[in-house]
Amino acid sequence: MTLEHLLPLIGFVAVMSGTPGPNNLMLMAAGANVGWRPCLPHLLGIAFGCQALLWSLALGLGGLLAHYPALNWGLRLIGAGFLLTLAWRLASARTRPGDQRAARPLTFSQAALFQAVNPKAWMMMLTALATFTGPSRFVADVAWVALCYLLVGLPLISAWNLGGVVLKARLHQGHRLRHFNRAMAVLLALLYPVFFSAEAPPLPAPAATPPQWWLSVM
């Protein structure tokens, strides 16, 4: 990938990874409740889930969902239900240390699986594939996109988590943490319509993304 294509890719990943979304809001809330170290599995799960989603789409998952719209709507319903469940858990979480109902970050597997039904993750990956990959170096271009999401995206989502950690000391006074959790739960719930209003960008034309690219390395 040339520099003139790499710089726009870095800018795209920075904007998409650094702006508010389900992942960033949950990471900020988790940081404010439990600190940085317990959130590491959550962070790594997001990174792994996004990488898995990117390569799955590159290998043809997006085309499969385009042919079977019911699968797409099924994923949207699951994602919306999971998001509302997380918002409810956050709003009803206890704020006393050691309480079983205290707000906790997602596990590695939960965070990774959530990317499969996260509409912002889908938009990010599909747009990157449609914009920054070409037919002649498809695999290499996808690898560059994946690397950018790791080197640029992971530090930016970590910044949201650290932002919550910075607020932790002030929020753990009186009822501040409870009010913060409820405010974050409302913000998460407000993302609910996104699961049904967001439309995926068109996938690259078959000629631009050879479905049998692996034959060249056999």
Side-chain angles (χ1 to χ4, degrees), residues 8-36 38-51 53-54 75-93 103-108 110-128 131 145 148-168 170-171 176-201:
L9 172 60
I10 292 173
F12 170 80
V13 172
V15 170
M16 295 301 292
S17 299
T19 50
N23 286 328
N24 290 338
L25 291 178
M26 287 189 291
L27 285 171
M28 187 174 186
N33 279 271
V34 299
W36 177 74
C39 295
L40 278 176
H42 190 164
L43 278 165
L44 296 176
I46 291 173
F48 177 83
C50 285
Q51 293 289 310
L53 178 61
L54 174 66
L75 289 174
R76 292 187 182 207
L77 287 171
I78 293 172
F82 188 55
L83 183 74
L84 292 180
T85 300
L86 292 173
W88 172 254
R89 284 174 52 186
L90 188 57
S92 60
R104 299 179 181 277
L106 299 182
T107 65
F108 177 89
Q110 288 173 334
L113 289 173
F114 178 62
Q115 306 319 306
V117 292
N118 180 0
K120 185 178 180 182
W122 279 76
M123 295 305 103
M124 290 165 55
M125 303 308 166
L126 283 170
T127 304
T131 307
V145 173
C148 279
Y149 274 114
L150 282 177
L151 298 183
V152 178
L154 186 57
L156 287 172
I157 65 172
S158 300
W160 281 79
N161 180 241
L162 292 174
V165 173
V166 170
L167 296 173
K168 185 173 182 286
R170 293 182 60 84
L171 291 174
R176 292 178 180 177
L177 184 59
R178 180 180 302 172
H179 297 323
F180 174 81
N181 285 344
R182 289 176 178 175
M184 297 300 288
V186 170
L187 290 176
L188 280 176
L190 289 176
L191 293 174
Y192 176 81
V194 175
F195 283 77
F196 301 100
S197 60
E199 293 296 334

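Quick caveat: nothing in here was measured; it's all calculated off a predicted structure.
- Atom CH2 of Trp122 and atom OG1 of Thr127 lie 12.5 Å apart (nearest 0.5 Å).
- At least one side-chain heavy atom of Met184 sits under 4.5 Å from a side-chain heavy atom of Leu187.
- Separation of atoms SG (Cys50) and CG (Asn118) is listed at 7.5 Å; rounding is to 0.5 Å.
- Across all their heavy atoms, Ala32 and Leu171 have their closest contact at CB-CD1, 3.6 Å.
- Considering only residues two or more places apart in sequence or on other chains, Leu150 meets the side-chain contact (heavy atoms from CB on, under 4.5 Å) condition with Ala47, Gln51.
- Closest heavy-atom contact between Pro105 and Pro38: CG-O, 3.4 Å.
- In this structure, CG in Leu126 is found 9.5 Å from CG in Leu54, a value given to the nearest 0.5 Å.
- Using a 4.5 Å heavy-atom threshold, the side chains of Leu86 and Arg89 count as touching.
- Taking all atoms of both residues into account, the shortest heavy-atom contact from Ser158 to Leu43 is OG-CD2, 3.7 Å.
- Note that CG of Leu162 and CG of Leu167 are 11.0 Å apart. Values are rounded to the nearest 0.5 Å.
- Within the 3.5 Å criterion, the main-chain N or O of Met124 finds a donor-acceptor partner in the side chain of Tyr149.
- Side-chain contact between Leu53 and Phe48 is absent, with no heavy-atom pair separated by less than 4.5 Å.
- Nearest heavy-atom pair across Ile46 and Ala111 is N-CB, 3.8 Å.
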Solution key, residues 12-30 side-chain donor-acceptor pairs under 3.5 Å, sequence neighbours excluded:
{"unit_1": "Ser17", "atom_1": "OG", "unit_2": "Val13", "atom_2": "O", "d": "2.9"}
{"unit_1": "Thr19", "atom_1": "OG1", "unit_2": "Val15", "atom_2": "O", "d": "2.9"}
{"unit_1": "Thr19", "atom_1": "OG1", "unit_2": "Met16", "atom_2": "O", "d": "3.4"}
{"unit_1": "Thr19", "atom_1": "OG1", "unit_2": "Lys120", "atom_2": "NZ", "d": "3.0"}
{"unit_1": "Asn23", "atom_1": "OD1", "unit_2": "Gln115", "atom_2": "NE2", "d": "3.1"}
{"unit_1": "Asn23", "atom_1": "ND2", "unit_2": "Gln115", "atom_2": "OE1", "d": "2.8"}
{"unit_1": "Asn24", "atom_1": "ND2", "unit_2": "Ser17", "atom_2": "O", "d": "3.0"}
{"unit_1": "Asn24", "atom_1": "ND2", "unit_2": "Thr19", "atom_2": "O", "d": "2.7"}

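- We find the OG1-CH2 distance between Thr85 and Trp88 to be 11.0 Å, quoted to the nearest 0.5 Å.
- In this structure Thr107 satisfies the side-chain hydrogen bond (donor to acceptor under 3.5 Å, both in side chains) test together with Ser109, Gln110, sequence neighbours excluded.
- For the residue pair Leu9 and Cys148, the shortest heavy atom distance occurs at CD2-SG, 3.6 Å.
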